[in-house]
J.: 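There's a structure below that I have some questions on.
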Amino acid sequence: MSKIFKDQFSIMKPVFSVFLVFLFSIFYCKSEITEKENTDNNPYEFHIGGVLSSNASEGYFKQTIEHLNFNTPFMKPGNTFYAHSIKMDPNPIKTALNVCKQLIVRRVYAVIVSHPQIGDLSPAAVSYTSGFYHIPVIGISSRDSAFSDKNIHVSFLRTVPPYSHQAEVWVELLKYFNYLKVIFIHSSDTDGRAFVGRFQTTSQNQGDDIEKKVQVEAVIEFEPGLFHFNNQLNEMKNAQARVYLMYASKIDAEVIFRDAAHRNMTEAGYVWIVTEQALDANNVPEGTIGLKLVNASNELAHIYDSIYILASAITDMNRTKTITPPPADCDNSGAIWDTGKTLFEYIKKQVYKDGHTGKVAFDNNGDRIYAEYDIVNVKEVANKDAIGKYYFNNDLNKMKLRLNESNIIWPGRLKKKPEGFMIPTHLKVLTIEEKPFVYVRPLKKDDGNSCKSDEIMCPLYNTSSKVLEPIVYCCKGYCIDLLVELSETINFTYSLSLSPDGQFGNYEIRNNSASGKKEWNGLIGEIVYERADMILAPLTINPERAEFIEFSKPFKYQGITILEKKPSRSSTLVSFLQPFSHTLWVLVMGSVHVVALVLYILDRFSPFARFKLINADGTEEDALNLSSATWFAWGVLLNSGIGEGTPRSFSARVLGMVWAGFAMIIVASYTANLAAFLVLERPKTKLSGINDARLRSTMENLTCATVKGSAVDMYFRRQVELSNMYRTMEANNYETAEEAIRDVKNDKLMAFIWDSSRLEFEAAQDCQLVTAGELFGRSGYGVGLQKGSPWSESVTLSILDFHESGFMESLDDKWIFQGRVEQCEDQEKTPNTLGLKNMAGVFILVAVGIVVGMVLIVIEIGYKKHHVRKQNRLQLARNYGQTWRAIVQKRKMMRMQGRTSGVGALSLSVEALPRSVLNIQSPIRSIETLPRTCRNSPSPTRAWSGRQMVHRKSDDIPLRSPIGGPPQLHFHNNLM
C-alpha cells in the first residue's frame, strides 16, 4: 500500500510544483499591482528648501537641482525637483519665521541649512521649526554635538561630522606614535564632554590590539572663558604622561598655551595634540599636531552632496512607499508628517561613494561618517603643514591613517619623537607573602629597627591614607633577590610594601559598589588604579590580568599541579595477618584441627599404637590422644619443639611428615609476603593527575581546593570541561595558600591545586607531601607594571639576560630546591623499618595469650577446688555410711538379744549409745580402696526397710564429720 502511495506521490509531485508556482505568481503579481496602485498616487513634483549663507550658495543650490532633473540614475522618470532657498539671517527668530513663510508654505520635502556669517543659533532654529513637523533637515556646516541629540533635533542630519568625531583620529595617532598614556584637557561644555566620552569609548573598544589600549592618566576639565590655567598645569606637570590632548575654543586655547609656555611645558619632551579650534590659536606652540577637516569650508561641495543624497532617498522611497504631501503652513497645521519620518530613515541609509567631499554616509544619529581629515603640524606660528591624512581606503573599505613622520617637527624643534612620558626613578613596588618567593617576618624591637643584611623592610601599604602602617615587616626570598638585582641593573630606587589585603587580585563586584561595576582588588587593583608602579611577586600571567596591566617576560616558568599527602600504609592491629587472605587463614586453621583429628584416629586404630608403651625406666606411657594430636599439629606449624605426644604408628608418622612439609611452605610464604607488605612496599600517590576521575566526579568523597580569586581559580573558570569540578571545589577554596597547605598536612584537605613552583618547594621541605600527576595550565610568573609603563622594556630585557647568565637558575637552587630534593630521594631509597605500629598486633596477640592463660589457670584452680570439695563431701557420706552400718549391725544384735529375752518394744536413742560407738573412725579413706563388692553394697536406708526415719524440723541440721562429734539421731521403731 505504501509503495502505491509513493508511486502516486512521485507522479503528482510535478503537478504540485506547477500549482505552487502558479499560486506564487498570482500572489506576487497581486502584490505588485497593489504596490503599483499605491505608488502611482505619489506626487511627481518634489520641492527642496535651502537656508544658505550667501547669494553664491543660493545660486549654486538652484543650479545643482536643475542639473539633477536630467541625471537619470538619481531620478525616477516623470519626477521633477524644484529649488526654494532663503538667505540665513543671524537672528534665529527671523530665520524660523522665514522658514515658515517662504519654505514650508511651498510644501518642501526637506531643508538644506548652512551657517550664518555671524552667530551660530540660526541652524538650530531651522532644525526646531522643521523638526516640529518631522521635515528632514540636512546641515552642511553645523558641527556642534548638540545636534546629535535626537530628542531635541529629531530630524537633523549633516554632511559634516561633529567635533567629537576627531577623537577617533586621535586614537589612531596615539597608536601610531605608541603613546599609550595621555592627559586629556577639555572644556566643560557639551562638546567637550562629548569629546572625552567618545575618546574613552573608542580607545577601550580597540579589541583587535589589547596591547595598545590608550590609558588616560588624568582628565583636566575647565570652564570656558579662562583667565589662567596655572593650577591645572601644576597638576599636569606632576603626572607621568607628557602627551596632552586638548579640546578648547580658540580663546581658551590661547590662555592655556600662554601659561604652559611660562612653565616650559611647550618645549622638548612634551607633545600637544589639539582640535581644529585650538589649532587656530594665535600662540599655538611649535611642534603642535592638530586636525583639519577636509572640505570643511567648501559649502558648495556640501550643497552638492546633500542634494544628491536627498534625491536618492526620495527616489528610493517613491518606489516602495506611499508619499503624502508635506505641511502647507505653520499656522493651522499641527499634525505630524509621517512621510517625513520615513524620508529621514531613508536618508540615513544612503551611501554616496563619489561625493565631492568624499564618501558620504550617516550613523544612527544622522552624523556624517567617513569624513576625511588632514594631519597638520605647526612648524611656525604662521606655517601649518600637512604631514598626513586620515582618509577612506576603498581597498580596505575602512578609514586609514597615512603619515610622513620624517616631516614632523616636535616641540623644541626636535626631529626625534619624544618618549611621551617622564620616566620615574623611584618606584612603588608591591609584593605578597608566598614561600619561597617572599618570606615575611615582623620587625622586632630587638632588631634595632633594621632588617638583616639579606632582608628588605616591607610595611603594609595603606591605600586609604596613603601612608605606611606602623607595623613593619622584613622580607626576603626569591623575588626580593630579583628586585635587588633589577634595581641595580636598570638603575631605579624603590620602596617595597606588602599587599594591603593579602590577595593577588580578583575581578569582582565590590559590596560597596552601588553601580554593580566590577573592580580589581589586591595587587592587581593597586596597579590598575595607579597606586603602585610595579608588582614583584609570584604573579601568574593570564589573559584576564594582561587586559588591565602589563607583564614582563616570565622570570619563572611553571604550571599547575596537585599537592597531596603521601598515603601511609594502613598499619592496623592485625597488620601481621595481611600477607594471607581471610580465606587462606581459615583454611590453615581448619587444616590444623583436621590433621590433628586424623592423627588421633590413625594412632588410636593402629595395632601398633593402641596399647601402652613401656619406657626404658620401666614406666608406662599412654598412646597419642586427641589433645596430644592437636598439640603436635600446632607445634609443627609454629616450629616449636615437641617433647612428647608424638604419633606412634607408622601411618600417623607419615601424615606428620607431610604436615611438616606443608607447615614449612606456609611459614616460608608468610615470611616472604610479610616482608613485602611491611618493608618493601613504597607508598604511591592517591591521584593520577587532573584527569583523575575521582576529581571530576561529584559523588566521590574527595575534597580539593585552590585559592579564591587566584590565577588558578581563573583558569578553572575558563575551562568548560572542568566546570563540574570547579563547582564542587569552589565551596572549599581558601583565602591563602598557607591555610590550604596546612590542612593538607593535617589530613583535612586531600588535594590542593596550586602553582607548581610553590608546591614543589613544599614537597622538598616535607617528604610526606608529594605532587601528583603532570603539570597542566602551563604559564609563568611575570613582573606586573602599569599599562604603557616606561620600565616594561627594560625589565623584560633584564630578565632575559638573567636567564642567559644563569642568575635565575641560581635563585631556583637557593630558594626553591635548597638541596632538600636529594634528601627525599635518599629517604625513598632507604627500606622501611618495622616499628611498633606495624607489629603492635603481634604484641597484643601475646598479651591476649597471657590473659587467656591467666583466665584458664583461675578456671582450673576453681574447678580443682570444686572437685576437692565434692570429693570431701563424698568421703564424708561414705564415713557416715560406715558409721550407720556399724550402728545397724549393733541394732540387729541388740534386737536379736531382745527377742531372746522377751522384750516387746525397743526404744533406741543415739544419746543412749556408748560414746565409743559414736566415735568410730572408718579406716576407709577413698571409695576406690574398697573392694568392688563393698562399693556395690546397699545403702543403710535399705537395711531399714519397713521402718521410717522421722526427724523434726528443728533437728534438720547438717551432719558433721565423726571427727568433730556425731550428730544426735532419734530412731523410732514401729513394732508390729
Side-chain angles (χ1 to χ4, degrees), residues 48-54 57-58 61 85-96 98-99 103 108 110-132 134-167 187 189-195 198 224 247 249-250 275-277 280 291-307 309-310 344 347-348 355-358 360-373:
I48 307 300
V51 182
L52 305 173
S53 61
S54 64
S57 297
E58 288 188 68
F61 172 72
S85 64
I86 61 174
K87 192 173 181 180
M88 176 74 70
D89 195 295
N91 189 328
I93 298 178
K94 290 183 178 181
T95 301
N98 291 335
V99 169
L103 297 182
V108 293
V111 177
I112 297 174
V113 60
S114 180
H115 62 278
Q117 299 291 342
I118 302 174
D120 55 358
L121 297 178
S122 294
V126 175
S127 176
Y128 294 147
T129 304
S130 302
F132 181 78
H134 283 274
I135 300 174
V137 177
I138 302 178
I140 60 175
S141 58
S142 301
R143 301 184 62 185
D144 296 340
S145 297
F147 287 101
S148 300
D149 188 353
K150 295 300 126 186
N151 293 321
I152 300 175
H153 302 277
V154 294
S155 60
F156 189 87
L157 306 96
R158 47 184 161 183
T159 59
V160 289
Y163 291 119
S164 60
H165 282 201
Q166 296 177 79
S187 57
D189 53 15
T190 303
D191 289 302
R193 290 173 180 171
F195 206 115
R198 191 174 184 90
Y247 172 84
S249 64
K250 177 182 176 181
T275 57
E276 297 175 70
Q277 304 98 309
D280 294 332
L291 305 179
K292 203 73 174 176
L293 179 65
V294 177
N295 296 316
S297 58
N298 191 348
E299 185 172 326
L300 302 182
H302 285 280
I303 291 174
Y304 181 90
D305 290 346
S306 300
I307 291 175
I309 283 284
L310 181 58
F344 179 78
I347 296 174
K348 286 199 302 182
H356 287 187
T357 59
V360 182
F362 304 96
D363 61 13
N364 290 331
N365 293 325
D367 294 331
R368 166 76 179 271
I369 56 177
Y370 305 123
E372 298 181 352
Y373 293 88

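Computed from a predicted model, the values in this text were never measured in an experiment.
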J.: Check side chain to side chain contact (heavy atoms under 4.5 Å, CB included) between Y128 and all other residues, then give those that pass, not counting sequence neighbours.
T.: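 A124, I152, H153.
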
J.: Between CD1 of I86 and CG of N98, what distance do you get to the nearest 0.5 Å?
T.: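 Nearest 0.5 Å value for the CD1-CG distance: 5.0 Å.
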
J.: State, yes or no, whether a side-chain contact exists between V51 and L103 at a heavy-atom distance under 4.5 Å.
T.: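 Contact flag for V51/L103 side chains = yes.
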
J.: Are any of the side-chain heavy atoms of V113 and S127 separated by less than 4.5 Å?
T.: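 They are not in contact (no side-chain heavy atoms under 4.5 Å apart), so the answer is no.
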
J.: Mind checking what makes side-chain hydrogen bond (donor to acceptor under 3.5 Å, both in side chains) contact with E299, not counting sequence neighbours?
T.: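 Checked E299 against side-chain hydrogen bond (donor to acceptor under 3.5 Å, both in side chains); matches are S53, S57, S114.
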
J.: Which heavy atom of S164 sits nearest to which heavy atom of F195, and what is that distance?
T.: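 The answer is CA-CD1, 3.7 Å.
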
J.: Measure the OG1-NE2 distance between T159 and H302 for me, rounded to the nearest 0.5 Å.
T.: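 So the OG1 of T159 and the NE2 of H302 are separated by 5.0 Å.
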
J.: Under the side-chain hydrogen bond (donor to acceptor under 3.5 Å, both in side chains) test, which residues partner S141, sequence neighbours left out?
T.: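 Applying side-chain hydrogen bond (donor to acceptor under 3.5 Å, both in side chains) to S141 gives H115.
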
J.: In chain order, what residues pass the side chain to side chain contact (heavy atoms under 4.5 Å, CB included) check against D363, with sequence neighbours excluded?
T.: H165, N365, D367, I369

J.: From I112 CD1 over to I307 CD1, what is the distance, rounded to the nearest 0.5 angstrom?
T.: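 So the CD1 of I112 and the CD1 of I307 are separated by 4.5 Å.
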
J.: Not counting sequence neighbours, which residues clear side chain to side chain contact (heavy atoms under 4.5 Å, CB included) with A371? List them please.
T.: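 If we apply the side chain to side chain contact (heavy atoms under 4.5 Å, CB included) test to A371, skipping adjacent residues, the hits are P161, L293, R368, Y373.
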
J.: Minimum heavy-atom separation for S130 to V111, with atom names?
T.: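 Smallest heavy-atom distance, with atoms named: OG-CG2, 4.0 Å.
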
J.: Quick one: list whatever passes ring-ring contact (aromatic ring centres under 6.0 Å, His included) with F61, sequence neighbours left out.
T.: none

J.: Residues two or more places apart in sequence or in another chain: which of them pass side chain to side chain contact (heavy atoms under 4.5 Å, CB included) with N91?
T.: D89, I93, K94

J.: Would you compute the distance between atom OH of Y247 and atom CG of D191 and round it to the nearest 0.5 angstrom?
T.: 3.5 Å

J.: Could you grab the distance from atom CD1 of I48 to atom CG of L310, nearest 0.5 Å is fine?
T.: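 If I round to the nearest 0.5 Å, the distance is 4.0 Å.
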
J.: Quick one: does H356's side chain get under 4.5 Å of N295's, heavy atoms only?
T.: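 No, side chains not in contact.
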
J.: Among all residues two or more places apart in sequence or in another chain, which pass the side-chain hydrogen bond (donor to acceptor under 3.5 Å, both in side chains) test with S187?
T.: D189

J.: With sequence neighbours left out, what residues match K87 under side-chain hydrogen bond (donor to acceptor under 3.5 Å, both in side chains)?
T.: none

J.: Could you point out which residue of S142, S306, S148 forms a side-chain hydrogen bond (donor to acceptor under 3.5 Å, both in side chains) with R158?
T.: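 It is S148, the one option of S142, S306, S148 that forms the side-chain hydrogen bond (donor to acceptor under 3.5 Å, both in side chains) with R158.
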
J.: Give a yes or no on whether the backbone of I135 and the side-chain of S155 come within a donor-acceptor separation of less than 3.5 Å.
T.: yes

J.: Is there side-chain contact between T357 and N298, with at least one heavy-atom pair below 4.5 Å?
T.: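 SC-SC contact between T357 and N298 ruled out.
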
J.: Does anything in residues 136-156 pair up under salt bridge (charged side-chain N to carboxylate O under 4.0 Å, His left out), and if so which pairs, sequence neighbours excluded?
T.: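 Those involving residues 136-156 are R143-E276.
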
J.: Can you tell if the side chain of F344 reaches within under 4.5 Å of the side chain of V154, non-hydrogen atoms only?
T.: no

